[in-house]
Amino acid sequence: MAERRETERESRWPARRLEPWGLPCPPSRPLGPLATTILFCMLLDPALPLTQEHQDVPTTEWVPSLNMKFDRRTMELSWDCKENTTYLECVMIHKEKGEIRKKPKNKDCHCNFSHDSLHGGITFVVKVNSTQGPIPEKLVYANPGGEGTAAQNFSCFIYNVNFMNCTWAKGRAAPDDVQYFLYILDFKEKRERECPHYVTDSGTHVGCHLHDLSGLTFRNYFLVNGTSRETAVQFFDTILSLKNIEIYSPPNNVSVDCNPSHCQILWDPPRTRHPSSAWDFNYQLRIQKQDNKEHAGNQLIDVTGKSENKYNFPSPEPRPKHTVTIRVSDARGQHWSAWSQPVEFGSTQATASFVHVYVLVVLGTFVCALILSCFVKRLFASETLFPRIPHIKDKWSENVHTDHQIIWEKSTPDTGKIDHEEILTVEEVTVAPESV
């Protein structure tokens, strides 16, 4: 393991390959017979060089190599300064972000770029202005090794303010004897550290645990390098902001204060690694009735940090027993903390009394409805069994004017009356007495 670690340290950072884009320098090789003959003739004829000297034939100026270098710690591209040359532009060609252009200041022979990941391969180009015009020269910062041998699925998260876990998986094409090593570079102090405690799987490093983050700043460079006796292993690198990967602890000191109409829930913000304002947090409250086994009455309530860490929950008396738990996340992310310890409010006696009142109201309503229906039925039954008997009008006691003369012509039959009444006329016949 010590031998492999030493080998990994010697080849930790990928090699650079220089590819000039100027006019190519002809290769050095022995002169052929024809060239020897021409050179011999030129030496014999002294007028030939003189004639060539007085002719204004354009000559090709070769720009020597700039000997470009790249320092991944400072992201600085530098080269050797040459006389009578002007450096026009530096270009970093990133696989994912495309071209990033910088212009050297005055006659500086270097350019500084922002920190970025390099595992996809980077190409640097420096454009030099000479008598022939702009001539570019490039430097390829490669990621040597077999494709698919680098670590994959890399992620880190901070918990409990001072602890960090990083995990990764073995590359899909990595050899069986591959071994990975994690290095963290602090951009501010330019300090590099190796993982102090590795997590292994079948002997291969697949994670790292750090219990001291004092040397890390806001943004840091993470590099996972690999070694193998069978083949070269590619590296993986990324830049992480510690604020973006921090998972907060649950809110502290959760309490509930109730009055006859509602309950006020209070809590303290979580401890964080970096100073944060109230606007940096989002909270979620889970309020649950204790006697609700199916969780149908659970409520998830979102609360922003500007609420001053309190929430008024409507709950008039008598209130059943509830429990409340709270969790928190960064306002710009979705990494929720664990739920806080449950806090109870309300009482089971209130729930029981409320149920008793409800049962009494239902029973009272049912009894009243039953009595009313019996009374109505009794009333209708009495009218059916004992119908009203008509009586003779008392002409002396009732002040009713009776018209004894009835004009039959004015009397109209009742509407809808079918039977016809027969009128019989009776005449009195007087018989004369017989004579004696």
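Positions are given from 1, in the same order as the sequence printed here.
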For the aromatic rings, using the six-membered ring if either is Trp, is the centroid distance between Y221 and H115 under 6.0 Å? no
Any chance the rings of F70 and F124 have centres within less than 6.0 Å? yes
Using 30° and 60° as the class boundaries, would you call the ring planes of [X] and [Y] parallel, tilted or perpendicular?
| X | Y | answer |
| --- | --- | --- |
| Y159 | F163 | parallel |
| F313 | F345 | perpendicular |
| H209 | H197 | tilted |

Take atom CD of Q341 as the centre, draw a 6.0 Å sphere, and report whether it contains more than 12 heavy atoms from other residues, nucleotides or ligands. no
Could you check R219 against L240 for side-chain contact (heavy atoms from CB on, under 4.5 Å), going step by step and ending with a plain yes or no? CA-CA 6 Å; R219 295 178 73 248; L240 297 178; over 6 Å; no
The single option from D257, I287, V343, N312 that satisfies side-chain contact (heavy atoms from CB on, under 4.5 Å) with I265 is I287
Donor-acceptor pair, distance only, cut-off 3.5 Å: does the side chain of D237 make one with the backbone of H119? yes
Under a 3.5 Å cutoff, is there a donor and acceptor pairing between the side chains of S329 and N282? no
Under-4.0 Å salt bridge between D186 and R193: no
Take the SG atom of C195, take the SG atom of C208, and say whether they are under 2.5 Å apart. yes
Using the ring-ring contact (aromatic ring centres under 6.0 Å, His included) rule, take W267 and Y311 through it: C-alpha gap first, then chi angles, then the decisive distance, then the call. CA-CA 9 Å; W267 64 89; Y311 177 75; 8.0 Å; no
Could you tabulate the donor-acceptor pairs under 3.5 Å formed by side-chain atoms of residues 244-252, not counting sequence neighbours?
from: E246; atom 1: OE2; to: R273; atom 2: N; distance (Å): 3.0
from: Y248; atom 1: OH; to: D330; atom 2: OD2; distance (Å): 2.9

Name the one of K103, R101, K102 that satisfies side-chain hydrogen bond (donor to acceptor under 3.5 Å, both in side chains) with E89? R101
Which residues satisfy the ring-ring contact (aromatic ring centres under 6.0 Å, His included) test with F222, sequence neighbours excluded? none
Between Y180 and F236, is a ring-ring contact (aromatic ring centres under 6.0 Å, His included) present by the stated rule, with each step listed? CA-CA 10 Å; Y180 296 106; F236 174 85; over 10 Å; no
